[in-house]
Amino acid sequence: EVLQSKAVAERTVIIYMAADNNLTEIVRGDTAEMIKGKGLIPENVNFVIYLDDNTHKPALYELSAKNGMKKLKESDEEHCSTDGETMLKVLREIQHYFPARHYGITFWSHASGWVPRRNTFGVDETPGATAIKQEMEISVLRDVLTQLPKFDYIFFDACFMQSVEVACELRHQADWMIGSPAEIPGPGAPYDKIMGALCLGDAKGIVEGYDSGYPGRYDEYYYTGTLLSCIYLPEIEPLAQATGHYLLPFYQDRALPSVEGFQAYCTKLSMFTHCYDMRTTMCRLLSEQDYVAWMALFDKAVPLRTLSSTRTWNAVYCHTPHVKDPACYGGVSMFVPMEEYEFYGWNKEFQKTSWYAAMGWPETGW
């Protein structure tokens, strides 16, 4: 069947599932949840799924309240879904056949935030794939999205992506960014609970629906909780300026304040130790007056963050996945330079980020 371009819809919702890895088994549960919630898809909204797993060739599907899940097109050959050219081609094709006044996108896979060569976004393990790259750095994702119409929201159903560094890189590509600063439970979002919010472009609704699924039991396994937030990207630059104003005096001349009171989202140094809760960091370092002033900007940029009733999250890379100070919890991670990171080259990579420049880090010598 030859695909025909549809009439312009109110919104096209894109689910980009880079699942050609050990997450393939989880695909079935999440697509089943989407089908369960198909009644929440309005007639004037397109719901399109790109799925690349290790059981079939990459394919496009459309989900609707009327027709359920329908395969539209299957690729003739394997390709790497975390390759920039491949992603751009797929997303352009979706927007060509499903034009809309608004777009929202979900990126579904493994991920690890902004640090390069750390499974930054997605993992594609396709044997013999023509693309060499198996994981996508945030700068590449930014460059792909720059070539597409601006999204209402970017939702990362993936670990560690809700970092202020990622948000700053993508600040011109969407209005909202949704995700977790830490690891997420294996099953990810409970899609039947967020279908309506995805279709309406309701960032806060996506967070609240996701949060309502945890703590919970999936496939006989009990997941204790998840940490989530939504970031309003137009407020990222003012937040960067304010954060630089209040934080950088503590780091002048390569000074190093103690990170002992910071909320770590990872405790395995060789992996993802760059994840500290942004708000808790500021809460620990700033005077009460400065903290209140800074929080006025943070609340504009991060108007909603949820903390599971257990104050915990499911973790492999954190020995103590427990929020120590809920009053200071912010739901967004932030990197702070440390001498230990010199070995891994993380401080040098940090210098390449938009956040590093926007915050004014160069003046500290870090």
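Note that the structure is a prediction, hence the values are computed from the model and not measured.
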Ignoring hydrogens, what is the shortest heavy-atom contact between Gln4 and Tyr97? Give both atom names and the distance.
C-CD2, 4.0 Å

Least distance between heavy atoms, Ala264 atom then Trp313 atom
O-CH2, 3.8 Å

Test item: Thr364 side-chain N/O and Leu248 main-chain N/O as donor-acceptor pair under 3.5 Å
no

Is the number of heavy atoms from other residues, nucleotides or ligands under 6.0 Å of Tyr221 OH greater than 12?
no

Please lay out, stage by stage, how Leu233 and Gln173 fare under the test side-chain contact (heavy atoms from CB on, under 4.5 Å).
CA-CA 9 Å; Leu233 293 174; Gln173 277 61 66; over 6 Å; no

Is there a side-chain contact between Met177 and Met161 in this structure, where contact means two heavy atoms from C-beta onward sitting under 4.5 Å apart?
no

Taking the side chain from Asp211 and the backbone from Leu307, do they hold a donor-acceptor pair closer than 3.5 Å?
no

Ser308 versus Tyr223: any side-chain heavy-atom pair under 4.5 Å?
no

Check: Glu62 side chain, Leu72 main-chain N or O, donor-acceptor pair, under 3.5 Å:
no

Strictly distance-based, threshold 3.5 Å: is any side-chain N or O of Tyr191 a donor or acceptor partner for the main-chain N or O of Gly29?
no

Closest approach of Cys199 and Val45, non-hydrogen atoms and distance?
O-CG2, 3.8 Å

Residues Arg284 and Tyr291: side-chain donor-acceptor under 3.5 angstrom
no

Testing the basics here: between Tyr50 and Pro58, what is the closest heavy-atom pair and its distance to 0.1 Å?
OH-CB, 3.8 Å

Using ring pair (Phe, Tyr, Trp, His ring centres under 6.0 Å), reason through Trp346 and Phe335 one step at a time and then give a plain yes or no.
CA-CA 10 Å; Trp346 293 351; Phe335 180 86; 7.1 Å; no

Should Pro238 and Lys300 count as side-chain neighbours, where that means a heavy-atom distance under 4.5 Å?
no

Using modelled atom types and a 3.5 Å cut-off, is there a donor and acceptor pairing between side-chain atoms of Arg279 and backbone atoms of Ala327?
yes

Separation between CD (Glu342) and CG (Asn347), nearest 0.5 Å, reads 4.5 Å

CG on Leu91 to CG on Leu148, rounded to 0.5 Å
5.5 Å

Pair Phe107-Met136, side-chain contact (heavy atoms from CB on, under 4.5 Å): steps then yes or no:
CA-CA 12 Å; Phe107 287 109; Met136 176 176 282; over 6 Å; no

Going by the ring-ring contact (aromatic ring centres under 6.0 Å, His included) test, name the single residue among Phe262, Tyr329, Tyr265, Phe160 that passes it with Tyr276.
Phe262

Do the charged groups of Arg254 and Glu339 touch, with an N to O distance under 4.0 Å?
yes

Measuring from Thr226:OG1 to Ile184:CD1, what's the distance to the nearest 0.5 Å?
6.5 Å

Report yes if some heavy atom in the side chain of Leu141 is under 4.5 Å from a heavy atom in the side chain of Met87; otherwise report no.
yes

Is the number of heavy atoms from other residues, nucleotides or ligands under 6.0 Å of Lys89 NZ greater than 12?
no

Is the shortest heavy-atom distance from the side chain of Asp277 to the side chain of Leu227 under 4.5 Å?
no

Quick note, disulfide bond (SG atoms under 2.5 Å apart) partners involving residues 285-331, not counting sequence neighbours, are Cys283-Cys328

side-chain contact (heavy atoms from CB on, under 4.5 Å) between Lys150 and His172, worked out:
CA-CA 8 Å; Lys150 187 176 182 179; His172 299 307; over 6 Å; no

Linking I/L/V/M/F/W/Y whenever any side-chain heavy atoms sit under 4.5 Å apart, do Phe47 and Phe155 land together?
yes

Which pair of heavy atoms, one from Pro185 and one from Asn314, lies closest together, and at what distance?
CG-OD1, 3.9 Å

May I ask you to decide if the ring planes of Trp294 and Phe298 are parallel, tilted or perpendicular, using 30° and 60° as cut-offs?
parallel

Treating Thr82 as the side-chain partner and Gln134 as the backbone partner, does any N or O pair qualify as donor plus acceptor under 3.5 Å?
yes

Do the side-chain N and O atoms of Asp157 and Thr106 include a donor-acceptor pair separated by under 3.5 angstrom?
no

Take a 6.0 Å sphere around CD of Glu85 and say whether it holds more than 12 heavy atoms from other residues, nucleotides or ligands.
no

Trp355 with Leu285, same ILVMFWY side-chain cluster at under 4.5 Å
yes

Surrounding NE2 of His56 (heavy atoms of other residues, nucleotides or ligands, distance under 6.0 Å), is the total greater than 12?
no

May I ask you to decide if Asn54's main-chain N or O and Thr24's side chain share a donor-acceptor pair within less than 3.5 Å?
yes

Donor-acceptor pair, Ser5 side chain versus His96 backbone, under 3.5 Å?
yes

Is it true that Lys352 and Glu349 have a side-chain N and a carboxylate O under 4.0 angstrom from each other?
yes

Can you get from Trp108 to Leu88 by hopping between Ile, Leu, Val, Met, Phe, Trp and Tyr side chains that sit under 4.5 Å apart?
no

Step by step, would you call Thr120 with Val140 a side-chain contact (heavy atoms from CB on, under 4.5 Å)?
CA-CA 10 Å; Thr120 313; Val140 177; over 6 Å; no

Salt bridge between Asp299 and Arg305, side-chain N to carboxylate O under 4.0 Å?
yes

Ignoring hydrogens and angles, state whether a donor on the side chain of Thr310 or Thr224 is under 3.5 Å from an acceptor on the partner side chain.
no

Quick check: is Ile236 connected to Met334 through a chain of hydrophobic side chains (ILVMFWY, heavy atoms under 4.5 Å apart)?
yes

To the nearest 0.5 angstrom, please state how far the CD1 atom of Ile35 sits from the CG atom of Leu63.
6.5 Å

So with a 6.0 Å cut-off around NZ of Lys348, is the heavy-atom count from everything else above 12?
no

CD1 of Ile105 to CZ of Phe156: how many Å apart, nearest 0.5 Å?
9.0 Å

Do you know the tightest heavy-atom contact between Ala242 and Leu297?
CB-CG, 3.9 Å

Got Phe350 and Glu165 here, is their nearest side-chain heavy-atom distance under 4.5 Å?
yes

Keeping the roles fixed (side chain from Asp52, backbone from Lys57), state whether a donor-acceptor pair exists under 3.5 Å.
no

Is any side-chain heavy atom of Met34 less than 4.5 Å from a side-chain heavy atom of Tyr61?
no

Taking Ala18's backbone N and O only, do any of them form a donor-acceptor pair with Ser109's side chain (distance below 3.5 Å, no angle check)?
yes

For Gln162 and Ser333, test the side chains for any donor-to-acceptor distance below 3.5 angstrom and give the result as yes or no.
no

Could I get the full list of side-chain hydrogen bond (donor to acceptor under 3.5 Å, both in side chains) partners for Asn46, not counting sequence neighbours?
Lys6, Thr12

Side chains of Trp176 and Cys230, heavy atoms from C-beta outward: is any pair under 4.5 Å?
yes

Tyr251 and Trp361: aromatic ring centres closer than 6.0 Å?
yes

Are Tyr153 and Val164 linked, directly or through intermediate hydrophobic residues, by side-chain heavy-atom contacts shorter than 4.5 Å (ILVMFWY only)?
no

Can Arg142 and Glu169 be counted as an ion pair, charged N to O under 4.0 angstrom?
yes

